[in-house]
Amino acid sequence: MDAQFLAIDRIRQVPAVAVVVDVMRAYTVAAWAFARGAEKIVLAESTADALALTDRHPGWVALKDGPPAPGFDLVNSPGLLRSADLSGRTVVQKTTAGTVGALAVKHAPLVLCAGFVVAEATARVLRAGGYGEVTFVVTGEDGRADEDLACAEYIAHRATGPHATTAPGTTTGPITRTATTPGTTPGPSTRTAAEPATTTPDPATVDHAAPYLRRAAASRAAVELATGIREGAHPDDVALCLELDRFPFAMAATLEDGLMVLRPHTPH
């Protein structure tokens, strides 16, 4: 598989297969929304479009980056979302980078949206399809967000086979299912009794993921979330974003009646 890693503004043509990566936090939040029962997620072009959609569809709920705002029911935080009951609901999501990245490749025949929480399921879709070329859209910080690039590179390596080797120049070592931001120590489990069941990666997978998770834990986004610089955050957000293979499904986005709609996709 030939993998390209591009910033949103470097996309010049419609890719055959696109994997849009936003670890902190758009596609971690999207995965949690599906785990909490959401039927689908509409990726909005703007906050105004998100509010217009919920005005037209009173049963839909709107979600955005940053602090709570009038008209928006949720914020882009897995720690805050994980207790929400979204059974059968449609979520309209607008974020700074993740949704923008998916909309930039909306005409691609296959668009997958991903973070570490759905990494293996995403890789399984790519392995099953046997695709020759895959474009990974690195959404954060104009393509420089190391948490997104680390996740994209990890998925690309996993997509080459179930026991892909570690990327050249990296080292492995013991690690738990989540990584912590430098200068912090692991605290109590972020899981509550009401949360959905999770998948459990095997030790070889965890070891392979270790250097990628460490990069993500040291990223600018992780530090800003951990230190409270970013608004609309929960103390558990970084840990939740770095839970490897938390969910067994991938997430595929397609155009439906002019809207970019994200749904869970279970790889075979």
Side-chain angles (χ1 to χ4, degrees), residues 21-44 46-47 50-51 53-54 59-102 113-118 139-140 145 147-148 151 177-181 184 186-198 216-217 219-247 249 251 262 264:
V21 180
D22 189 326
V23 173
M24 297 184 188
R25 294 163 285 174
Y27 295 129
T28 301
V29 166
W32 269 100
F34 290 130
R36 299 305 302 163
E39 178 186 347
K40 63 183 178 182
I41 298 174
V42 176
L43 306 177
S46 66
T47 54
L51 292 176
L53 285 167
T54 54
W60 292 11
V61 295
L63 181 157
K64 64 176 280 294
D65 275 334
F72 286 87
D73 309 275
L74 303 165
V75 295
N76 192 45
S77 161
L80 296 173
L81 186 77
R82 62 181 166 173
S83 60
D85 182 3
L86 297 173
S87 300
R89 306 294 292 275
T90 293
V91 176
V92 182
Q93 185 181 34
K94 171 66 181 86
T95 69
T96 306
T99 58
V100 176
C113 297
F116 281 110
V117 293
V118 294
T139 61
E147 74 280 4
D148 293 341
C151 184
R177 282 190 81 243
T178 63
T180 56
T181 304
T184 67
S189 171
T190 57
R191 192 165 305 153
T192 67
E195 291 176 12
T198 177
S219 68
R220 175 181 173 183
V223 172
E224 290 183 353
L225 284 169
T227 56
I229 293 175
R230 297 196 180 189
E231 296 184 281
H234 184 280
D236 291 339
D237 277 357
V238 173
L240 290 170
C241 289
L242 299 181
E243 283 196 295
L244 183 65
D245 301 337
R246 175 70 188 257
F247 303 113
F249 52 82
M251 299 184 293
L262 186 66

Under a 4.5 Å cut-off applied to non-hydrogen side-chain atoms, are Val61 and Thr54 in contact?
no
Side chain of Arg36, backbone of Ala84: donor and acceptor closer than 3.5 Å?
yes
Could you pull out the closest heavy-atom pair between Ala31 and Val117, with the gap in Å?
CB-CG2, 3.8 Å
Residue pairs involving residues 219-229 (criterion salt bridge (Lys or Arg N to Asp or Glu O under 4.0 Å); sequence neighbours excluded):
Arg220-Glu224, Glu224-Arg230
Which heavy atom of Cys151 sits nearest a heavy atom of Val21, and at what distance?
CB-CG1, 3.8 Å
Flag the pair Leu86 / Phe34 as yes when at least one side-chain heavy-atom distance between them is below 4.5 Å, and no otherwise.
no
With Phe249, which residues qualify under ring-ring contact (aromatic ring centres under 6.0 Å, His included), at least two apart?
Phe247
Pairs involving residues 87-96, ordered by first then second residue, that meet salt bridge (Lys or Arg N to Asp or Glu O under 4.0 Å) (sequence neighbours left out)
none
Shortest non-hydrogen separation from Ala62 to Gly71 and the atoms involved:
CB-O, 3.9 Å
If the condition is side-chain hydrogen bond (donor to acceptor under 3.5 Å, both in side chains), which residues does Thr227 pass it with, not counting sequence neighbours?
none
Here the gap from Thr90 atom OG1 to Lys40 atom NZ, rounded to the nearest 0.5 Å, amounts to 4.5 Å
Hey, is the main chain of Val23 close enough, under 3.5 Å, to the side chain of Thr28 for a donor-acceptor pair?
yes
So do Leu242 and Met24 actually touch side chain to side chain, heavy atoms under 4.5 Å?
yes
Where do Ala222 and Ala216 come nearest, in terms of heavy atoms and distance?
CB-O, 3.5 Å
Sequence neighbours excluded, the answer for salt bridge (Lys or Arg N to Asp or Glu O under 4.0 Å) partners of Asp237 is Arg25
Any donor-acceptor N/O pair, Gln93 side chain to Ile41 backbone, under 3.5 Å:
no
Could you work out, with side-chain hydrogen bond (donor to acceptor under 3.5 Å, both in side chains) as the rule, every residue matching Asp22, not counting sequence neighbours?
none
Check the pair His234, Leu240 against side chain to side chain contact (heavy atoms under 4.5 Å, CB included), reporting the backbone distance first and the verdict last.
CA-CA 10 Å; His234 184 280; Leu240 290 170; 5.7 Å; no
Separation between CD of Glu147 and CZ of Phe116, rounded to the nearest 0.5 Å:
9.0 Å
Distance from Cys241 atom SG to Tyr27 atom OH, nearest 0.5 Å?
13.5 Å
Go through the side-chain N and O atoms of Asp65 and Thr96 and say whether any donor and acceptor fall under 3.5 Å apart.
yes
Looking only at heavy atoms, what is the nearest atom pair of Gly232 and Leu80, with distance?
O-CD1, 4.2 Å
Return yes if some donor-acceptor pair links the side-chain N/O of Thr99 with the main-chain N/O of Thr95 below 3.5 Å, else return no.
yes
Shortest non-hydrogen pair, Val92 vs Ala44, comes out as CG1-CB, 3.9 Å
